[in-house]
> 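Below is the structure I would like to discuss, written out as structure tokens.
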Amino acid sequence: MNPLSPFPLSLVVLISGHGSNLQAILDACQTGDLPARVAAVISNKRDAYGLERARLAKVPAVYHPKPKEQDRREYDAGLADLVAAYQPEWVVLAGWMRLLSNEFLRRFPNRVVNLHPALPGAFPGTEAISRAFEAFQRGEISQTGVMVHLVPDEGVDSGPVLAQVIVPIFSSDTLELLEERVHHVEHQLLVNTLKSLCVQPKRSIL
Ligand code: GRF
């Protein structure tokens, strides 16, 4: 429970896949470590395992695909309606693999949070961990990281940074080892960042 309110803050989590970050959120809500509740999990992919995680946690799990013929902005407006119906304080993109247009974002100003498995400004877009690993192998970087940021506009992984953590890369690493290390850090950073968002008034964030 939120210590400042008898009602826990509500989150809607958007996913597209495995949902390990969603699981970290669900677990933290369950133990009370995160003073919030997940009002719904929405996936654009039918076979996203995160939907099953939501069902197991007794959270509404909604499959909401984008029809091929539908305009992207029209889809985003419909998605915003769907999300808004759950009245979330925060919309969390936890492995949501679609860029959101302003049709969606303007409905949740300063309330959309994204997780990116790299440091600010580094490797925007998909495959960030493997691109970091390749850059390390070419001798271009010695470390990578994880960041959580707000999504105010259509920029890719570029909004105001809420939190970041450096993740070392070792010469003995395989891609799998690095991925494991990054994901472990992601789970902690996402929950910790949401925790701080949930206990401070929204006004003080930006
Ligand atoms: C995470 O690495 C996230 O940062 C990226 O996609 C991955 C999703 O993992 N955007 P999961 O679905 O939470 O396990």
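Atoms within each ligand, like the ligands themselves, are counted from 1 in listed order.
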> Distance under 4.0 Å, heavy atoms only, partner ligand 1: which residues pass?
His18, Gly19, Ser20, Asn21, Gly95, Leu115, Pro117, His183, Glu186

> Ion pair present between Arg107 and Asp81, side-chain N to carboxylate O less than 4.0 angstrom?
yes

> Taking only Lys NZ, Arg NE, NH1 and NH2, and the carboxylate oxygens of Asp or Glu, determine whether Arg55 and Glu52 approach each other closer than 4.0 Å.
yes

> So which pairs with a foot in residues 155-164 pass side-chain hydrogen bond (donor to acceptor under 3.5 Å, both in side chains), sequence neighbours left out?
Asn114-Asp157, His116-Asp157

> Nearest 0.5 angstrom please: Arg111 CZ to Leu197 CG, how far?
12.5 Å

> My understanding is that only one of Val182, Leu178, Ile141 makes a side-chain contact (heavy atoms from CB on, under 4.5 Å) with Phe133; could you say which?
Leu178

> Kindly check if the number of other-residue, nucleotide or ligand heavy atoms within 6.0 Å of CD (Glu127) is above 12?
no

